[in-house]
Amino acid sequence: MTDALADHPPTEPQGTRDVYYATTPIFYVNAAPHIGHAYTTILVDIVTRFHRLKGDDTFFLTGTDEHGEKVAKAATAAGVSSQDYVDEISGEFRRTWDAMGISYDEFIRTTEARHQQVVQEVLQRVYDAGDIFYGEYSGLYCVGAERFVTEKELQDGRCPDSEDPPEYRTEANYFFRMEKYRPWLREHILRHPDFIRPERYRNEVLAMLREPIGDLSISRPRSRVPWGIPLPWDDEHVTYVWFDALLNYWSALVSRGVEGRYWPAVNHFIAKDIVKPHGVFWPTMLKAAGLPVYQHLNVHGYWLMDARKMSKSLGNVVRPLDLQEKYGRDAFRYFLLRDMSFGLDANFTEPAIAERINADLANDLGNLLNRTLGMLGKYRDGIVPAFGPLEAADEELRDAFLALPDQMVARFDALQFDRAIEDVMNVVRSANKYIADQAPWLLAKDPDRSARLDTVLRTCLEALRCASVLFESVMPDKCRDLRVQLGLGEGSVTLDDARRWDVIPAGTRASAGEPLFPRIDLEALAREIEAPQGEPLEHKPEIALGDFAKVEFRVGTVTHAEPHPKADKLLVLTVSFGAETRTVVSGIREHYESDELVGKRVVVVANLKPVKLRGVLSQGMILAAEDAQGRLAVVTLDREMPDGSEVR
Ligand code: MSP
């Protein structure tokens, strides 16, 4: 066996380019790809394309996680061998990403020999260093999340990651001395504030590290779980699936001989379900193996369907390819990036996709293109004119565009992808306003103002060209088509192209093609989705007006919100009524993140007798609507009203 760690001594990064290595989780092959998997993969695709556009030396890794009990069980249920089963579903992931134009550099499968070899080498290293021992363990195991869970972590008796009930197990396993590295990891996280981001997940990991984390059981008896990588020193045991899976991020580089070039400049992207393995197991494993720890763990929230996480077991999955077909690949990517604020959950609905496409792409960007090319055709036979003298309005729009590349880099670095898009869109909207202000149709009527008309048309054309470069990583096909319509051809671009104005050669022929973003018929969509019939309303007994008048409702603003220290479902809100401030404990934690509520104007039942809820005194109740699926929406006001106003 070759020692891959020694075979590939670190080489220096290429030239002076920044290195950007990004990863998705490797997905379990127990289910076909859904929107949740597609989101992380599309996000990493966009981010790596953006870094490529910027000139960085990038590497994009994705793949499939094929060992473990969960996969073995799924194969048995499907009545096929584990190998046939994983080949099939891994192929489906790969085909889906290919059909979606995902520009991964490597697709790793944990059943590949190149991966298994590296896993065994790392295990041997850690074993030789004395950080692995044999022992017995009893505890609660969750097959869905493939890990032991502690009593404290349970939520209503279920695993916090998979929402499945765990089972009690006693087993003789090999253990990794993870606890030994806890002080080091805590220190590392404290010293590197951007190691795990956004901050809420950093805090989550720091909270886990406040108490002993125990040692990690890293093997399973082969007699019970034959589907795994044998331990190099004892083939009666196979490697625990997380110890195997996490190493993909390293083995993929090693097998290509590029670990010196890309490690540890890695950005891992995951959702919040797998923070513990990535935030606790993985860095301690790297440390024990003598490898530098990764640079960033970037954690996003969930896409929710009807307020529940999308998952196979809940049967609410949406196939990404269906949506791509219906709305177009690029528009769908745009929606995913624009409608999720990184770190927070977002709601997934088809009307939301359609509305976003209509508002931003068909209206704002599409209109700018149609109007510009329409006028160019009408007034200049489709030939791009040269700039005449610039006026303040032209310079203002130019400067707004030329500031965007740096702003976008900063937004991407800060994981504010939705804001990055919004920044560009705001300037696109100013370009539409510029057209309205300059009224080229009036200029066209006045032969003395011909040079001015040239400048206005040319400004709009350059604006569109810059927008096409800025959106290149989000909508690669549409941006290329846009440039083709501008007469620029299909050549590649770099972010620097958006740092220059006056690029399109005068005399170029531009001509409108197919509309880039056709408008979606929202009414037809609503008919298609079909409004649910619903059950007849169940009314409570009638009350007299006087009974109702006994209840005092007041308007207040949430000034602070935090999770209840002892109850998973409760948030503790501070609500200001102007002259008075109260604490209100509310059972909406499953529906709202704390920071989503801060600043919201709510309606509170103000004369409710105060009650202590799990030790915190609640002085009132906020109003929220609830539907048949248990989704909640907090009641707010539709215009400004001072805090403390009574609601009658
Ligand atoms: N195999 C492990 C990961 C090992 S990485 C070394 C695993 N696989 S998984 O198939 O369950 O994928 C989990 C990941 O899929 C999430 O972390 C996230 O990237 C993505 N998502 C799955 N459902 C999702 C949502 N509903 N919303 C957003 N992302 C989701 O865990």
Side-chain angles (χ1 to χ4, degrees), residues 22-45 47 61-72 74 86 89-90 92-93 96-97 102 107-111 115 118-119 142-147 159-164 201 228 239-252 266-283 285-286 294 297-320 336-337 339-349:
T23 68
T24 71
I26 47 168
F27 302 108
Y28 286 129
V29 289
N30 65 325
H34 64 63
I35 295 294
H37 309 124
Y39 171 71
T40 318
T41 309
I42 288 173
L43 177 71
V44 174
D45 185 64
V47 175
L61 174 69
T62 189
T64 42
D65 186 355
E66 306 187 4
H67 289 125
E69 291 176 49
K70 183 158 145 163
V71 170
V86 300
I89 309 231
S90 175
E92 195 172 340
F93 270 93
T96 303
W97 302 155
I102 300 297
F107 187 103
I108 185 124
R109 301 183 54 189
T110 54
T111 49
H115 170 74
V118 173
V119 170
C142 170
V143 177
E146 293 275 25
R147 67 178 181 88
C159 162
D161 297 350
S162 70
E163 300 182 18
D164 294 340
Y201 301 108
T239 312
Y240 166 48
V241 64
W242 272 108
F243 201 99
D244 158 357
L246 288 160
L247 278 164
N248 89 89
Y249 300 132
W250 168 249
S251 72
V266 53
N267 271 273
H268 293 308
F269 286 85
I270 61 167
K272 61 187 183 181
D273 51 347
I274 48 179
V275 167
K276 189 170 184 182
H278 282 81
V280 178
F281 303 174
W282 183 219
M285 282 167 61
L286 285 166
Y294 60 78
L297 177 64
N298 306 314
V299 187
H300 63 75
Y302 291 150
W303 281 102
L304 304 176
M305 294 274 288
D306 298 329
R308 302 294 311 269
K309 183 190 174 197
M310 204 180 291
S311 80
K312 188 192 171 203
S313 51
L314 293 170
N316 60 352
V317 296
V318 182
R319 299 265 174 150
L336 289 178
L337 204 69
D339 276 51
M340 177 173 266
S341 175
F342 194 88
L344 301 178
D345 292 348
N347 272 314
F348 190 91
T349 69

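Note that the structure is predicted; figures quoted are calculated from it, not measured. In listed order, ligands and their atoms are each counted from 1.
In terms of the side-chain hydrogen bond (donor to acceptor under 3.5 Å, both in side chains) criterion, Ser341 has no residue partners (sequence neighbours excluded). Residues that satisfy the side chain to side chain contact (heavy atoms under 4.5 Å, CB included) test with Ala252, not counting sequence neighbours, are Leu61, Glu106, Ile108.
Checked against a 6.0 Å centroid threshold, the rings of Tyr249 and Tyr294 do not count as neighbours.
Residue Glu146 places no heavy atom under 4.0 Å from ligand 1. For His34, the heavy-atom gap to ligand 1 drops under 4.0 angstrom. Ligand 1 lies within reach of Trp242, whose nearest heavy atom is under 4.0 Å from it. No heavy atom of Trp282 sits closer than 4.0 Å to any atom of ligand 1. Note on ligand 1: Gly301 sits in its first shell, one or more heavy atoms being nearer than 4.0 Å.
Ionic pairing of Arg147 and Asp161 is present here: one or more N-O contacts between side-chain nitrogen and carboxylate oxygen are shorter than 4.0 angstrom.
One option in Leu336, Ile274, Asp65 has a heavy atom closer to atom 31 (O) of ligand 1 than any other, and that option is Ile274. Selection from Asp273, Thr41, Val275 by nearest heavy atom to atom 17 (O) of ligand 1 gives Asp273.
On a distance-only criterion, His278 and ligand 1 share no N/O pair closer than 3.5 Å.
One N or O on the side chain of Glu146 and one on the backbone of Lys70 form a donor-acceptor pair closer than 3.5 Å.
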